[in-house]
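Per chain, numbering begins at 1; letters A, B, ... match sequence-line order.
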Amino acid sequence: MELPKEYDYNAVEEKWLNAWQDSMYYFDRNSEKPQFIIDTPPPYPTGNFHIGNALNWCYIDFMARYKRMRGYNVMFPEGWDCHGLPTEVKVEEAHGITKSQVSREEFRRLCVELTTKNIERMRKSLRRLGFSIDWSNEYITMEPSYFVKTQRSFVQMYNSGMIYQQNHPVNWCPRCETAIAFAEVEYESRTTILNYLNFDKLRIATTRPELLAACVAVAVNPDDERYREYVGTEVAVPVFGHKVKVIADKSVDPSFGTGVVMICTFGDKQDVRWWVEHSLPLRKAIDRTGRMTELAGKYAGLTTEECKKAIIDDMKKDGILYKQEELSQNVGLCWRCKTPIEILSEKQWFVKIIADEILDTANKITWVPDYMKVRLENWTGTMEWDWCISRQRIFATPIPAWYCDRCGKTKVAKGEWLPLDPTQKKPPGACECGSSEWRGEEDVLDTWMDSSISALHVSGWLSGREPLLPTQLRPQGYDIIRTWSFYTILRTKALLDTKPWETILLNGMVLGEDGHKMSKSRNNFVVPEEVIRKHGADAFRQWAAIGGTTGSDIIFSWKDVVAGSRFLQKLWNIVRFSLPHLSDKPAEFKPVDRWLLSRLNRLVKDATEKMDAYQFDETFKAIRGFAWDILADNYIELVKSRLYGEAEGKEAAQYTLFVTIETLSRLLAPFLPYFSEEVYSHIKKESVHLQTWPEVNESLIDEEAEASGEMIKEIASAIRRYKSEHGMALNSSLSNIEIYSSLKDGSDIAGAANSRISLKTGKPGFELVAREIIPNMKMLGRTYRGRAKSIAEALRNMDPKLADSGSIALSVDGEKIILDSSFFVLEKEKLLKGKAVDVLEVGSAVVVIAKVITIPTSSQCTGR
RNA sequence: GGGCCCGUGGUCUAGUCGGUUAUGACGUCGCUCUUACACAGCGGAGAUCCGGAGUUCGAAUCUCCGCGGGCCCA
């Protein structure tokens, strides 16, 4: 059959995309094979699968396909982490409404509708990239079949005391009008104004004068002589006039501002610490929408910004504010909408964080690369308070709880009632107080409560079977170690007292071509669809494989993608050349065949080890190097003459080529699913993705075959170089070539050189003259330490002929030293006598070529 | 302010349990259209391995101090 000259990635990829069956990749619960379950990250259904996700999925797919070929029962599930604010915002935008303008059910329905549409789009991208996803294990967190598990995990942790309800300060986004967790707060350096105020008999400095109404104390450092006398007394808060205590606390910095600080409920995290330590009262001056409360008197109803301006103006007028200066400080922002957060005290639901248990569990997991574990440890060590899991939003998993209308008691659902939405359904039975009027909890769960049980879900937890825990692999980016890794470890430990995964594989971030994080404002944004359109999925996957070391950041580079598509073209040409010559009938090998097969088996060994260590870049580079350099540039060139004619050894070359191409297809299958399938389809009737990973045939790894093959290759290439340097065409023939070596078969060299070859043993009748002594520094340094340098120097300077006997005597600094041949290498020069010949030295072989008279080409004449 | 990673030819990168020709890709220059491939082959040029100090006979590699970049966080 005739193969097209150009590899048409588009046609090939489309063809196999339609031909492949999903069932090829299904996990089999009844299989005898060892399980390999991957806890795939469920992406947020934005509608676009971005390049960072794509990199991660490439890693997952390399592993999934590899493990399948290695005989594992692989589960590569695909989840969708649906809940959350961004979808709510999109829905509000799209329909021109706010969440409070429609009913909760209606708003949720709109969110589900949008999410469903987005998932559909992203599924297409996943398929096009050739990922071997097990679609029978897809999960969607907004569906009852999933969130029933989220709710049951909530109930179980509530019953075991791991979840509790409390009035506690929480991070609050006034724009989103919800509590958020620490993991959702990010910080940014901003310039603000530090205001100096006359504060009764003291002077204080504050960046947040709008919080004066919430001032509950004033603090000084206990060692600060200036204020010692005031500690324990009361002062009146300016503008508002209420009295607060002056307290002493050593964490007050005397050199900051005036050395006196006001404590408000709450200006920042430090206020919370002081508030707890000194048991201070609570004054709420800011409400859930970020506006001032009644407590703020005439400022009530203003936003914090408006209030700040107004109160500063007033205090300036009244002479309270006497000085202002600029100050750069870090402001906590909501990671979704970048609004500065407030700290409000609210009744919220919390998950207990037991740092020791988390660290202990993390230590039982293999971290790849291992230094990433430090990030989890650092994060765990900085937790200030428990994980706030309640959110005042709508599109999320409902908290299955109610409050008694009469006595206010909280009732949490029983596991068997779930799933349910407490705002839609009342609990059976009455409260202990006798009332059966219930108010459903309107707060919903943090999205991480959904996704932190992904490992449990895919393992089959609560599906009527024993969960297959731990799963084998968690692949994810290092940016969500503090969230997804942290929470998953916490939850798996709390719910099933085990670790979620055996191994966690961290991938780096994808940076734009300029080395910065991809962002629309930097205009360095690339989407996978664009790459696929221009170069195909297999080229994209090659960039993912070789763009960088696993775990490190990787820069997107069009050059790498182009190099990938060139490699496909090169491979295509190799296959196009080889196909008519393939034969699966074994035959007696020639030295070059044994060389290639030895190298091939070495490659298999190498690739297997590197895949097991998640070194995709190393694996792929090794395969590419073999295919391009060893197979194409050398082996094929050497056996062409055998393949074309009817000479002896033709069958051996055909068979060798068959074995090599067949093995190469399987090695490439995890990386280039489309290309390898196309090639394999021309060799066998089955899918390459249902084949086993190549086994190493140790008996074919043969040092001797490699040495003589290498020699043949080197000689052929030396002759090629000789022709090139003498301006001869590469297919021109040389009258006679004598090769002095241990080689027993020169036919392939003759073919490649298109010349007659005479094989000789021994050495040609040349005079060998020692030319140079090269010191072996490693040996000299070990033995002679400090004198190594001067000995080496002496060796270089002495007459090389003196070393002919094998050892050498010299005197350094008046001392006689005798060095045997292990301390130096003697470079010998071969002098020719008699005929005019050119001599090429190739390792231990000597190639003698009858001298040709070079007719200079015109370019050489004009050249110099 | 803390943590983690990184700084190697023009560009990107390998090498990092110390050993003297530092790997490869892209680019560049020269030659060659050799019955698979000019999206190729062959050959060449191009690096005092960010700076400084230290350890050592010997440092891209180990230690310390700088400088620079990136990410995660406070």
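Among the atoms of the strands shown, only primed sugar atoms or phosphate atoms (P, OP1, OP2) are found under 4.0 Å from some heavy atom of W379(A). Counting any heavy atom pair closer than 4.0 Å across all strands shown, K269(A) reaches sugar-phosphate atoms only and no base atom. Counting any heavy atom pair closer than 4.0 Å across all strands shown, D560(A) reaches no nucleic acid atom. Contacts of I636(A) with the nucleic acid, taken as non-hydrogen atoms under 4.0 Å apart, include base atoms. As judged by a 4.0 angstrom heavy-atom cut-off over every strand, E6(A) is placed among the base-contacting residues.
When the C1' atom is used for both rG9(B) and rU56(B), the distance is 28 Å, rounded to whole Å. For the C1' atoms, the distance from rC71(B) to rC37(B) is 42 Å, rounded to whole Å. The separation of rA22(B) from rA60(B), taken at their C1' atoms, amounts to 8 Å, rounded to a whole angstrom. A distance of about 44 Å separates the P atoms of rC17(B) and rC31(B), rounded to the whole Å. Nucleotides rG44(B) and rG24(B) place their P atoms 12 Å apart, quoted to the nearest Å. Using P as the reference atom, rC64(B) and rC6(B) are 14 Å apart when rounded to the nearest Å. Nucleotides rG19(B) and rU63(B), compared at atom P, are 15 Å apart to the nearest Å. Separating the P atom of rA14(B) from that of rU8(B) is a span of 10 Å, rounded to the nearest Å.
Residues R602(A) and D606(A) are not paired through a salt bridge, judged by the lack of any N-O separation under 4.0 Å between the basic side chain and the carboxylate.
Look at CD1 on I554(A): it is 18 Å from C1' on rG69(B), rounded to the nearest Å. Computed from coordinates, the I555(A) CD1 to rC6(B) C1' distance equals 11 Å when rounded to whole Å. Atom C1' of nucleotide rC72(B) and atom CG of L511(A) are separated by 13 Å, given to the nearest angstrom.
Contact check, K5(A) against rC39(B): no side-chain N or O comes under 4.0 Å of OP1 or OP2. For the OP1/OP2 pair of rG41(B) and a distance below 4.0 Å, the side-chain nitrogens and oxygens of W628(A) include at least one atom meeting the criterion.
Across all strands shown, the partner of rG68(B) is rC6(B), judged by Watson-Crick or G-U wobble contacts whose two distances both fall under 3.5 Å. Look at rA47(B): it lacks any Watson-Crick or wobble partner with both distances under 3.5 angstrom. Remark: rG19(B) base-pairs with rC57(B); criterion is Watson-Crick or G-U wobble with both hydrogen-bond distances under 3.5 Å.
Minimum atom distance to the side chain of R566(A) is reached by rG27(B), of the listed rA14(B), rC4(B), rG27(B). In the set rC39(B), rG3(B), rG41(B), the nucleotide with an atom closest to the side chain of D633(A) is rG41(B). With distances taken from any side-chain atom of K559(A) to the nucleotides rG70(B), rG41(B), rC26(B), the minimum falls on rC26(B). For R375(A), the side-chain atoms get nearest to rC72(B) when compared with the rest of rU11(B), rC72(B), rA25(B). Looking at the side chain of E637(A), the nearest of the listed nucleotides rG27(B), rA25(B), rC37(B) is rC37(B). Side chain of Y478(A), nearest nucleotide from rC39(B), rA25(B), rC72(B): rC72(B). Counting only heavy atoms from C-beta on, V374(A) has its side chain closest to rG3(B) among rG3(B), rG24(B), rC37(B). Of the candidate nucleotides rC42(B), rC37(B), rC26(B), rC37(B) has the atom lying nearest to any side-chain atom of R576(A).
One side chain, T488(A) or R474(A), offers a donor N or O that lies under 3.5 Å from an acceptor on the other. Side-chain contact check for R576(A) and N573(A): at least one donor-acceptor pair (N or O, by modelled atom type) lies under 3.5 Å. A side-chain donor-acceptor contact under 3.5 Å links E662(A) and Y680(A).
A distance below 6.0 Å separates the ring centres of F62(A) and F671(A). Taking the six-membered ring wherever Trp is involved, the centroid distance between the rings of F675(A) and Y7(A) falls below 6.0 Å.
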Just distance, no hydrogens or angles: give the donor-acceptor pairs under 3.5 Å from side chains in residues 627-636 of chain A, sequence neighbours left out.
unit_1, atom_1, unit_2, atom_2, d
N634(A), ND2, D629(A), O, 3.0
Y635(A), OH, D593(A), OD1, 2.7

